[in-house]
Amino acid sequence: MTSPRKPSPFGRTLCAMITPFTGTGELDLTGARRLATRLVARGCDGLVLSGTTGESPTTTDEEKAELVAAVREAVGDRATLIAGVGTSDTRHTVRMALAAEQAGADGVLVVTPYYSRPPQEAVAAHFLEVADASALPVMLYDIPGRTGTRIEPDTMIRLARHPRIVAVKDCSYDLLGTQKVLARTELAYYAGCDEQVLALYAVGAAGCVSTVANAVPAHIAAILDAFDAGDTARAAELQLAAVPFIEAMMNAGLPGTVTAKALLSRLDLPAGPPRAPLLPAGRETADGLLALYGALSAG
């Protein structure tokens with residue numbers, strides 16, 4: 001029996017990396033190099049830079065390009081780099097894609113245009129224009145809870161015909177729609193929600209784009225390793241063991257950026273404060289995250 005898994009140029013275990021800042025809120029490129037190197041050494045095949053977890057709404061175009069160049073210098077060809085370039089403006093997104101290509105990215109992450117809530121024909125036109133603009137492969141980012149607009153399965157199937165639209169970061173929470181696209185296209189799907197890593201991998205996803213991997217990259221990789229080895233019971237055990245930690249980081253009322261930075265700071269890893277309008281997590285939250293991290297690491 002052949003595997004339903006779709007090939008992807010990006011790898012399997014991807015981390016939606018936070019963007020480290022200094023204590024005064026400036027871009028910390030030294031910290032970014034250090035964090036990226038750690039993530040790759042601990043099991044990440046690729047890094048997604050300047051996604052939502054990377055605070056793309058509050059970093060400048062210049063900072064995004066500097067971040068890609070610095071991380072490329074740090075990890076070389078040991079990992080793929082996918083640059084978040086999505087904005088609510090198609091022309092701006094095209095400029096960002098070209099800048100990411102020049103800075104050394106291996107691909108671009110393009111989110112659905114947000115706030116304006118374009119109809120599906122306009123959504124498709126946006127993605128196609130960006131895909132036509134550069135030579136980089138494109139990962140679509142479907143997260144209607146933040147953008148207000150879904151990339152409908154039929155639109156996804158249409159977009160899959162473009163030779164450079166190759167992957168999807170899936171935060172749609174629509175397992176049926178995801179399976180429909182998996183069955184009818186060669187798109188490489190990535191679970192964008194940590195609680196769905198194993199569930200989507202089991203039906204043919206290429207891997208995950210994990211926020212939790214900022215802190216526990218080896219654990220996330222181990223879930224997929226166990227499944228690939230045929231030990232589905234162990235894969236399920238590892239996924240379920242991570243649930244309290246995932247819930248604390250991703251479903252406790254704070255953005256994953258905030259919780260990830262709070263925990264990394266406690267671990268003496270590069271993080272810094274989030275930029276306004278986000279505020280740092282309180283001490284109680286950071287204490288709880290550290291305790292859950294310890295329990296998961298010990299297990």
Side-chain angles (χ1 to χ4, degrees), residues 14-19 47-61 63-64 67 82-90 92-94 96-97 100 107-120 122-127 130 138-153 155-156 159 165 167-178 181 187 189-197 199-200 205 207-214 246-262 274-281 285:
L14 311 183
C15 177
M17 196 178 98
I18 61 113
T19 299
L47 305 172
V48 176
L49 306 175
S50 298
T52 310
T53 303
E55 297 181 76
S56 58
T58 52
T59 53
T60 67
D61 294 0
E63 286 174 326
K64 290 178 175 69
L67 182 64
I82 301 94
V85 302
T87 74
S88 56
D89 175 354
T90 302
H92 187 190
T93 304
V94 165
M96 293 291 293
V108 290
L109 176 72
V110 188
V111 73
T112 318
Y114 40 85
Y115 191 77
S116 56
R117 302 188 71 175
Q120 290 299 295
V123 168
H126 172 83
F127 288 126
V130 177
V138 173
M139 178 185 286
L140 307 177
Y141 187 7
D142 189 17
I143 184 166
R146 286 183 183 257
T147 65
T149 303
R150 176 79 195 279
I151 311 173
E152 296 292 345
T155 303
M156 205 80 76
L159 290 169
I165 296 178
V168 178
K169 180 182 178 184
D170 184 16
C171 291
S172 67
Y173 287 99
D174 177 10
L175 186 56
L176 179 60
T178 294
V181 180
L187 289 172
Y189 259 71
Y190 287 84
C193 305
D194 281 279
E195 66 272 27
Q196 295 191 338
V197 167
L200 290 189
C208 61
V209 177
S210 169
T211 296
V212 167
N214 278 282
I246 292 170
E247 185 172 25
M249 278 197 68
M250 306 305 297
N251 295 287
L254 291 172
T257 303
V258 172
T259 53
K261 284 196 161 187
R275 281 183 177 169
L278 297 180
L279 297 174
T285 296

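Here, residue 1 is the first one in the sequence, and each next residue gets the next number. Only heavy atoms go into these numbers, but all of them, side chains included; no hydrogens, no water, no symmetry mates.
Of all the heavy atoms in Leu159 and Ala124, the pair that sits closest is CD2-O, 3.7 Å. Closest approach of Thr211 and Met249 over heavy atoms only: O-CE, 4.3 Å. Of all non-hydrogen atoms in Cys15 and Ala213, the two that sit nearest each other are SG-C, 3.8 Å. Shown here for Val130 and Ala97, the closest heavy-atom pair between the two residues is CG1-CB, 4.2 Å. Across all non-hydrogen atoms, the minimal contact from Pro153 to Asp174 is CG-OD2, 4.5 Å. Heavy atoms only, all atoms of each residue included: Val209 and Tyr190 are closest at CG2-CB, 3.8 Å.
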Go through the steps for Thr87 and Thr93 under the test side chain to side chain donor-acceptor pair (under 3.5 Å), then give the verdict.
CA-CA 6 Å; Thr87 74; Thr93 304; 2.8 Å; yes
Mind running side-chain contact (heavy atoms from CB on, under 4.5 Å) on Tyr141 and Thr52 for me, showing each step along the way?
CA-CA 11 Å; Tyr141 187 7; Thr52 310; 4.0 Å; yes
For side-chain contact (heavy atoms from CB on, under 4.5 Å), just list the numbers for Val85 and Val110, CA-CA rounded to whole Å, side-chain angles, deciding distance to a tenth of an Å, and then say yes or no.
CA-CA 6 Å; Val85 302; Val110 188; 3.8 Å; yes
Would Met139 and Leu14 count as a side-chain contact (heavy atoms from CB on, under 4.5 Å) here? Give the steps.
CA-CA 12 Å; Met139 178 185 286; Leu14 311 183; 4.0 Å; yes
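Residue Ser56 holds its OG atom at 11.5 Å from CG of Leu49, rounded to the nearest 0.5 Å. Here Leu254 contributes atom CG and Leu279 contributes atom CG; the two are 9.5 Å apart, rounded to the nearest 0.5 Å. Atom OH of Tyr189 sits about 11.5 Å away from atom CD of Gln196, to the nearest 0.5 Å. In this structure, NE2 in His126 is found 9.5 Å from CG in Leu140, a value given to the nearest 0.5 Å.
Residues in residues 249-260 take part in no salt bridge (Lys or Arg N to Asp or Glu O under 4.0 Å) pair, two or more places apart or across chains.
In this structure a side-chain-to-backbone donor-acceptor pair under 3.5 Å is missing from Glu152 to Gln120. Remark: side-chain polar atoms of Lys64 are not paired, donor with acceptor, to backbone N or O of Gly84 under 3.5 angstrom.
Between Ser172 and Arg150 there is a side-chain heavy-atom pair separated by less than 4.5 Å. Using a 4.5 Å cut-off on side-chain heavy atoms (C-beta onward), Thr53 and Asn214 make contact. Side-chain contact between Leu200 and Leu175 is present, with at least one heavy-atom pair separated by less than 4.5 Å. Using a 4.5 Å cut-off on side-chain heavy atoms (C-beta onward), Pro277 and Thr58 make contact. Under the 4.5 Å side-chain criterion, counting only non-hydrogen atoms from C-beta, Leu187 is in contact with Ile165. Contact annotation: the side chain of His92 approaches that of Asp61 to within less than 4.5 Å [non-hydrogen atoms, C-beta and beyond]. The side-chain heavy atoms of Thr149 and Pro118, taken from C-beta on, include a pair separated by under 4.5 Å.
Paired with Ile151 under the rule side-chain contact (heavy atoms from CB on, under 4.5 Å), one option of Asp142, Ile143, Val181 passes, and it is Asp142.
Judged as a salt bridge (Lys or Arg N to Asp or Glu O under 4.0 Å), and not counting sequence neighbours, Asp89 has no contacts. With sequence neighbours left out, the side chain to side chain donor-acceptor pair (under 3.5 Å) criterion links Ser210 to Asp194. A search for salt bridge (Lys or Arg N to Asp or Glu O under 4.0 Å) contacts involving Lys169 returns nothing, not counting sequence neighbours. For Arg275, the salt bridge (Lys or Arg N to Asp or Glu O under 4.0 Å) criterion is met by Glu63, not counting sequence neighbours. Among residues two or more places apart in sequence or in another chain, the side chain to side chain donor-acceptor pair (under 3.5 Å) test is passed with Thr257 by none.
No more than 12 heavy atoms of other residues, nucleotides or ligands lie within 6.0 Å of CD in Glu247, so this atom counts as exposed by the packing criterion.
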